[in-house]
**Q** 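Quick one: the structure is below, and I'll ask about it shortly.
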Amino acid sequence: MSDRSTLTALAWLAVCAALGLVAAARGTEAQVWGLIPAAHRPVIEIDLRVRLDDGAPDEALEAAVLALEPLSGRCPLAPPPAEARRWLDAHALSLLPREHHSALADRLAPEALRTAIAGARARLASPFAGLVGDDLRRDPLRLAELGPGRAGRLGFLAPAGPDVAVRGDLVALDGRSALLCFQTDNSGHELRDSAAALVGAHPVSLSVVGAPARDDAAVAALAAAPRVLTTLAAALVLVLALAFRSVRPVVALLLAILGPAALLAALVAPLGLLDLPLLALAVGISAAPARPDWTVTALSALALTPLLLTPYPAWQTWGLAWAAALAAAGVARRVVQPVLTTWLGKPAAERTPFGRPDPPPLRLRVALPAAAACAVILSLGAWSSRHVRFDSPSPLPLADPELAAAEAAVRAEFFRPEDVALIHSPGATPEEALARASEDLPALLAAMPAQIERVDAPGAFVVAEPELKARLDGLQALDIRGRLELLRGTIAEFGMRPDAFGEFIRAAGDDLRDPPSPESALAGPLGPWLEGKFGPEGVVTRAYLSSEPAALPAALDLRGPGVFARAEHDRFSSRAGAVAAAGAWLSALVVWLATRRLSLALALALAAIVAQCGLLALLHLLHRSFGPLTLPVFLLAGSAAAVAGLRAVRALADGRAWIDPGRLANALGPLAAALALLAAPEPVWRSLGIAAGLAVLAAHGVGGLLGPLLYALTSRAGQRFERRP
């Protein structure tokens, strides 16, 4: 053992330790929104669900909610009902769209007024007058029936839904649960602990949902990362020991890939929920028993580069980080591993460089069934791509049972948080933004009436110029003041006091003098709620989408995780096809540059696509999902097939066996990573582990077995093309 080898080994270990310390110092992050572009990530708000215990009286819920008043950052989820009703009653005429003015004229006709007042008198004289009297006095002509309903509940499109408490909190239809919204910098645990201290004497249970709660659960899940990586290390030691049948080569190989693994962890740090499975797969692929040449290194390093073409932030980071780490792993295996092996007392064996292999002998009775098998796999893959279950980028599943139960309860009792779409109406001031929101709302309702269940729209309470002027001109043409005087006379004619309906008459008269402009709305009873909807990007309108994954209009600037997930549902097949084509092109380019054999490059590119189609067929057969989450594994299947095919062709060119157990041992590292992920607690990690295991089987089955035959076919076809002139 030379001093130079010792110094090199010690320096390498120091570099590994330094990179590991850098990665550890940067810590962990949630990354539950790593597949969602920044523009579509949810607003930073957190919801507190208050649920009455079994046997507790219904009245206890109001007392518990009242006890939570001291909590800071509380914001209403819906317009406060009393203030909203007051504003709507005061502007019933101006808020009525112009297309309903003809129906309004019919309601204000003399005979119609007599009929309405006669009916009101009859109802007020009934024993149940106390149940309907207030509504009659506020709207004796039932003008609210003419236009779209704007009740102060959650939105105004659905006839049924959660009720709204005094402060704008939501109350479930059974009256046993309430949902409170907070905008705060505190974590979900801190909010829950503070709330529990305030309602300790009340018979209620508390749960927290929302973006911060999911972040907390994801960060807690990363506590299992050391266990997963330890399991992977143990599995790699086992499979490599079986492959080498010696301890020193295993130690040298693991020490060689330790640096690239630490480099990868430092590049993507802080480590997130989506980073751990790809880190494990990178280690497993780097730990192949056969030392890679530069062609194999380039194929592996460029495997995830097509992810740069996607809109997923986490995968874009991995497109570059993977290339750097796998390239470093190739260098370490070629340069550092021999030194480490010598340092451990065993010299490294020399390897012959990769040349230009001749195609294996072509036997039609073997090649034609292979071509038919490829055609069948391609057909099954194309069919499976249209039928395999889509794994949505939002929300990512989490293993926290308490959070999952709370989110399921909120979906059942209130709304689906992942289906909330936001529209930002820009404006330098609240008045400008509110005027823009009133213009955006009709466009929203007209563009997607079937996809929206409810709308929480500040623009529903105001009318901006020039529409406001047009409505006032239309009301003036109807002689509203004269009709109000006629209404007074009709009330007196039926023996009732006009003052009994004075609230409606005064509001109708004041409506013409002080219409619902943005300025008057901000100064009115809804002012605090409207100002709370104003932010750096303007006024926010919330649309609660239906559960059907229908296409959304591209003309509207809708944002939100659910909006992005629906768009991906429609275009993901074409995106996956483009990414697969880019990966196949890169593989073909690398092979052609290394061997100058176009037929080999085309054969391995075709093998990569066939392996990816085989993976799709296996996923569909096993009822697994495919989507943005599993897209990196999809690309790794193609890259691994190209590598397996390249090694099989090289083995045949050297006169070695087609199916070589030593060459098949290269699949053990990725399989060990897949098994380590299967033992992980998080559903995201298990899903990627299953997909990775299937990808390894498809890649080595197609690349190792069919790759040489495809090369023979493309080579024979190329020779015939060259001889034709």
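In this chain, numbering begins with 1 at the start of the sequence shown. Side chains included, hydrogens not; waters and symmetry mates left out as well; all remaining heavy atoms used.
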**Q** Who pairs with Asp169 by side-chain hydrogen bond (donor to acceptor under 3.5 Å, both in side chains), at least two apart in sequence or on another chain?
**A**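 With sequence neighbours excluded, Asp169 shows a side-chain hydrogen bond (donor to acceptor under 3.5 Å, both in side chains) to Arg74, given in chain and number order.
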**Q** What is the distance from atom CG of Leu478 to atom CD of Gln476, rounded to the nearest 0.5 Å?
**A**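 The distance works out to 9.5 Å.
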**Q** Surrounding CG of Asp473 (heavy atoms of other residues, nucleotides or ligands, distance under 6.0 Å), is the total greater than 12?
**A**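 Enclosed.
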**Q** Ignoring hydrogens, what is the shortest heavy-atom contact between Ser625 and Asp391? Give both atom names and the distance.
**A**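 Looking at all heavy atoms of both residues, the closest pair is OG-CB, 3.3 Å.
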**Q** Which residues pass the side-chain hydrogen bond (donor to acceptor under 3.5 Å, both in side chains) test with Asp440, sequence neighbours left out?
**A**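 Scan of Asp440 (side-chain hydrogen bond (donor to acceptor under 3.5 Å, both in side chains), adjacent residues dropped) gives Ser425, Arg436.
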**Q** For a salt bridge (charged side-chain N to carboxylate O under 4.0 Å, His left out) check, start with the C-alpha distance between Arg471 and Glu465, then their side-chain angles and the critical distance, and finish with the verdict.
**A** CA-CA 10 Å; Arg471 290 190 187 184; Glu465 294 286 353; over 6 Å; no
**Q** Mind checking whether Leu472 and Pro515 have side chains closer than 4.5 Å, heavy atoms only?
**A**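 The answer is yes; the side chains approach within 4.5 Å.
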**Q** Check side-chain hydrogen bond (donor to acceptor under 3.5 Å, both in side chains) between Asp557 and all other residues, then give those that pass, not counting sequence neighbours.
**A**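 Listed in chain order: Arg559.
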**Q** Would you say that Pro203 contacts Arg51 through its side chain, given a criterion of any heavy-atom pair below 4.5 Å between the two side chains?
**A**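 They are not in contact (no side-chain heavy atoms under 4.5 Å apart), so the answer is no.
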**Q** Less than 4.5 Å apart, side chain to side chain, heavy atoms only: is that true for Pro430 and Leu530?
**A**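 Side chain of Pro430 against side chain of Leu530, heavy atoms only: no contact under 4.5 Å found.
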**Q** Check Arg107 against Ala112 and note the closest heavy-atom contact, atom names and distance.
**A**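 Arg107 and Ala112 have their closest heavy atoms at O-CB, 3.5 Å.
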**Q** Mind checking whether Pro458 and Leu434 have side chains closer than 4.5 Å, heavy atoms only?
**A**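 Counting from C-beta outward, Pro458 and Leu434 do come under 4.5 Å.
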**Q** Nearest 0.5 Å please: distance from the CD atom of Glu568 over to the CZ atom of Phe390.
**A**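 Output value for this atom pair is 6.0 Å.
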**Q** Run the side-chain contact (heavy atoms from CB on, under 4.5 Å) check on Leu545 and Arg566 step by step: do they pass?
**A** CA-CA 11 Å; Leu545 305 177; Arg566 287 167 183 254; 3.5 Å; yes
**Q** Give a yes or no on whether the backbone of Pro395 and the side-chain of Trp33 come within a donor-acceptor separation of less than 3.5 Å.
**A**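 Checked: no pair found.
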**Q** Roughly how far, to the nearest 0.5 Å, is CG of Leu108 from CG of Leu486?
**A**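 The distance works out to 9.0 Å.
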**Q** Counting only heavy atoms from other residues, nucleotides and ligands, does the tally under 6.0 Å from CZ of Arg386 exceed 12?
**A**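 Incorrect, the count does not exceed 12.
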**Q** Report yes or no: does Arg49 contribute a side-chain atom to a donor-acceptor pair with the main-chain N or O of Leu206 at less than 3.5 Å?
**A**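 Not at all, since once roles are kept as given, no pair shorter than 3.5 Å links the two residues.
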**Q** Distance from Thr541 atom OG1 to Leu556 atom CG, nearest 0.5 Å?
**A**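 Going from the OG1 atom of Thr541 to the CG atom of Leu556 covers 11.0 Å.
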**Q** Closer than 3.5 angstrom, by distance alone: can the side chain of Asp216 be matched with the main-chain N or O of Gly188 as a donor-acceptor pair?
**A**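 Judged by distance alone, yes, a pair lies under 3.5 Å.
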**Q** Verify, without hydrogens or angle tests, whether Gln31 (side chain) and Leu274 (backbone) share a donor-acceptor contact under 3.5 angstrom.
**A**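 It does hold such a pair.
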**Q** Rounded to the nearest 0.5 Å, how far apart are CG of Leu95 and CZ of Phe461?
**A**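 Leu95 atom CG to Phe461 atom CZ measures 9.0 Å (nearest 0.5 Å).
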**Q** Is Arg483 paired with Asp479 through a side-chain N to carboxylate O contact shorter than 4.0 Å?
**A**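 The answer is no: the pair does not qualify as a salt bridge.
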**Q** Evaluate the side-chain contact (heavy atoms from CB on, under 4.5 Å) criterion for residues Val540 and Ile423: first the C-alpha distance (whole Å), next the side-chain angles of each, then the deciding distance (0.1 Å), finally the verdict.
**A** CA-CA 6 Å; Val540 178; Ile423 292 184; over 6 Å; no
**Q** To the nearest 0.5 Å, how far apart are CG in Leu88 and CD in Glu83?
**A**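 Interatomic distance, Leu88 CG to Glu83 CD, rounded to 0.5 Å: 11.5 Å.
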**Q** How about Leu93 and Leu104: do any of their side-chain heavy atoms sit closer than 4.5 Å?
**A**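 In short, these two side chains touch, coming nearer than 4.5 Å.
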**Q** Is Lys533 salt-bridged to Asp456, going by a charged N under 4.0 Å from an acidic O?
**A**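 The answer is yes: the pair qualifies as a salt bridge.
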**Q** Hey, are the side chains of Leu35 and Pro311 touching, using non-hydrogen atoms and a 4.5 Å cut-off?
**A**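 Side chain of Leu35 against side chain of Pro311, heavy atoms only: no contact under 4.5 Å found.
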**Q** Might you confirm whether atom CD of Glu439 has over 12 heavy atoms from other residues, nucleotides or ligands at distances under 6.0 Å?
**A**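 Counting other residues, nucleotides and ligands, CD of Glu439 exceeds 12 neighbours.
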**Q** List the steps and the verdict of side-chain contact (heavy atoms from CB on, under 4.5 Å) for Glu467 and Arg98.
**A** CA-CA 9 Å; Glu467 175 64 20; Arg98 281 182 289 165; 2.9 Å; yes
**Q** Is a donor on one side and an acceptor on the other found under 3.5 Å between the side chain of Glu407 and the backbone of Ala404?
**A**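 Looks like no, no N/O pair under 3.5 Å.
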**Q** Evaluate Phe182 against Leu48 for side-chain contact (heavy atoms from CB on, under 4.5 Å), listing each step before the verdict.
**A** CA-CA 8 Å; Phe182 294 86; Leu48 178 68; 3.9 Å; yes
**Q** What closest approach, in Å, do Glu69 and Leu66 show between heavy atoms, and which atom pair accounts for it?
**A**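 The pair with the smallest heavy-atom distance is CG-O, 3.0 Å.
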**Q** Would you say the side-chain atoms of His91 pair up with the backbone N or O of Trp87, donor to acceptor, closer than 3.5 Å?
**A**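 The answer is yes, because a donor-acceptor pair under 3.5 Å joins these two groups.
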**Q** With side chains defined as the heavy atoms from C-beta onward, is the minimum distance between Phe564 and Ser394 less than 4.5 Å?
**A**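 SC-SC contact between Phe564 and Ser394 ruled out.
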**Q** Provide the closest heavy-atom pair for Tyr544 versus Leu77 in the form atom of the first, atom of the second, distance.
**A**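 Nearest heavy atoms, Tyr544 then Leu77: OH-O, 4.4 Å.
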**Q** Heavy atoms only: give me the nearest Ala428-Phe534 pair and the separation to one decimal.
**A**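 Residues Ala428 and Phe534, closest heavy atoms: O-CZ, 4.1 Å.
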**Q** With a 4.5 Å cut-off on side-chain heavy atoms, are Ser177 and Phe414 touching?
**A**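 The answer is yes, as the side chains (C-beta and beyond) meet within the 4.5 Å cut-off.
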**Q** Grab the two heavy atoms, one from Val563 and one from His40, that are nearest each other, plus how far apart they are.
**A**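 In this case the closest contact between Val563 and His40 is CG1-CE1, 4.1 Å.
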**Q** Using a strict threshold of under 4.0 Å (side-chain N to carboxylate O), is an ion pair present between Asp53 and Arg176?
**A**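 Answer for the salt bridge query: no.
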